[in-house]
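The structure appears right after this line, and notes come after that.
Here the structure is a predicted model, which means the values were calculated and not measured.
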Amino acid sequence: MTSDPRIPRSENEAIAPSAPGKAELRQQLLAVRRAFDADTRARWDQAIGRQVVAWWRETRPATLGVYWPLRGEPDLAAAYAQLAALGAQLLLPVVVARDAPLEFADWRIGEAMVKDGMGVAVPADLRVQPYPAALLVPCLGFNARGCRLGYGGGFYDRTLAREPRPVTVGIAYSASQVAFEAGGYDVALDRIVTETTPASIGFPPARE
């Protein structure tokens, strides 16, 4: 998915202050991700997308929260198109307030888009839906326990603290795995998919 140039990324998306060490780690991970060449990134995105489609075919959650790629996150546009063709109901996250959990809006590929409060693309016709049964979560970094390192804004932390919690599939490049201590608010994701995830590994069933 290529970000629409008419939908610029907001400066408010800057990495938020955090405990010593994590800010530097975030900057390092962003630099690593920016260094990937386009051809390699495209191959990896296809590999990740295949795993996501395989997981959806097996679990078929009622609704699936996806994401609009920012800052070099894996671009799963081809997988989203395939999922939509298979009948998946896709939802995009919407920032409603800086200190609030994310909300989710029904998304039909190709429809008109505008910016939310953080400068991220959302449908112009905002059709807010109940929380998705399953959620793709972009990861700036992740550790061996499956805990995610994000940009520091806490949006996904607040979202996953709500009940019922969706099945979570972290999306990242394998180079994003790093060692860091999880905080008390960090919740391990159900699964993390990278370009090296073996196709033979089974996926947990989606919780309804």
* Is any side-chain heavy atom of Pro74 less than 4.5 Å from a side-chain heavy atom of Asp45? -> yes
* Run through Leu160, Val169, Leu135 and flag the one making a side chain to side chain contact (heavy atoms under 4.5 Å, CB included) with Leu189. => Leu160
* Asked: Looking at CD1 of Ile192 and SG of Cys147, how far apart are the two atoms once the value is rounded to the nearest 0.5 Å?
  -> 8.0 Å
* **Taking every non-hydrogen atom, the tightest pair across Leu86 and Arg60** => O-NH1, 4.2 Å
* Short side-chain to backbone donor-acceptor contact, Gln27 and Glu24, under 3.5 Å -> no
* State the CH2-CG distance between Trp55 and Leu136, to the nearest 0.5 angstrom. => 6.0 Å
* To do: State whether the side chain of Thr168 and the backbone N or O of Asp190 hold a donor-acceptor pair below 3.5 Å, judged by distance alone.
  => yes
* Parallel, tilted or perpendicular: rings of Tyr173 and Trp44 (30°, 60°) -> tilted
* Asked: With respect to Leu76, which candidate in Ile171, Val53, Val193, Val66 satisfies the side chain to side chain contact (heavy atoms under 4.5 Å, CB included) definition?
  -> Ile171
* Is the side chain of Arg41 donor-acceptor paired with the backbone N or O of Arg33 at a distance under 3.5 Å, no angle test? -> yes
* To do: Report the distance from atom CD of Glu195 to atom CD of Gln46, rounding to the nearest 0.5 Å.
  => 12.5 Å
* Examine distances only and state if a side-chain atom of Tyr80 and a backbone atom of Tyr67 form a donor-acceptor pair shorter than 3.5 Å. => yes
* Heavy atoms only: give me the nearest Ala62-Ala133 pair and the separation to one decimal. => N-CB, 4.0 Å
* Can you check whether Leu92 reaches Met113 side chain to side chain, under 4.5 Å on heavy atoms? -> yes
* Take Thr194 and Phe142 through the side chain to side chain contact (heavy atoms under 4.5 Å, CB included) test and state the conclusion after the steps. => CA-CA 11 Å; Thr194 75; Phe142 65 96; 4.0 Å; yes
* Atom of Val128, atom of Glu103 and distance for their closest heavy-atom approach -> CG1-OE1, 4.4 Å
* Looking at Ile109 and Ala84, what are the two nearest heavy atoms and their distance? -> CD1-CB, 4.0 Å
* Are Phe155 and Asp157 close enough, and set up right, to give a side chain to side chain contact (heavy atoms under 4.5 Å, CB included), and what steps lead you there? -> CA-CA 5 Å; Phe155 290 105; Asp157 292 328; over 6 Å; no
* For Leu70, does its backbone N or O pair with a side-chain atom of Glu73 as donor and acceptor, under 3.5 Å? -> yes
* **Point-to-point distance, once rounded to the nearest 0.5 Å, from CG of Leu29 to NZ of Lys22** => 11.5 Å
* Without swapping roles, check the side chain of Glu111 against the backbone of Ala124 for a donor-acceptor pair under 3.5 Å. => no
* Structure fact -> Closest heavy-atom pair, Cys139 versus Gly170, reported as atoms and distance to 0.1 Å, is SG-CA, 3.9 Å
* To do: Kindly check if the number of other-residue, nucleotide or ligand heavy atoms within 6.0 Å of CZ (Arg127) is above 12?
  => yes
* To do: Answer whether the closest heavy-atom distance between the side chains of Leu91 and Asp106 falls below 4.5 Å.
  => yes
* Asked: Is there side-chain contact between Pro138 and Trp68, with heavy atoms separated by less than 4.5 Å?
  -> no
* Quick one: pull up OG in Ser176 and CG in Asn143 and give me the separation to the nearest 0.5 Å. => 12.5 Å
* Closest non-hydrogen atom pair, Val94 against Ala105 -> CG2-CB, 3.9 Å
* **Main-chain N/O of Ala79 paired to Arg50 side chain as donor or acceptor, under 3.5 Å** => no
* **Charged N-O contact under 4.0 Å between Arg108 and Asp125** => no
* Asked: Going by atom types alone, do Arg162 and Tyr131 pair a side-chain donor with an acceptor below 3.5 Å?
  -> yes
* To do: Mind checking the CG-CZ spacing from Leu149 to Phe180? Nearest 0.5 Å is all I need.
  => 5.0 Å
* Ignoring hydrogens and geometry, is there a side-chain-to-backbone donor-acceptor pair from Arg158 to Leu102 under 3.5 Å? -> no
* Asked: Do the non-hydrogen side-chain atoms of Val137 and Arg148 ever get within less than 4.5 Å of each other?
  -> yes
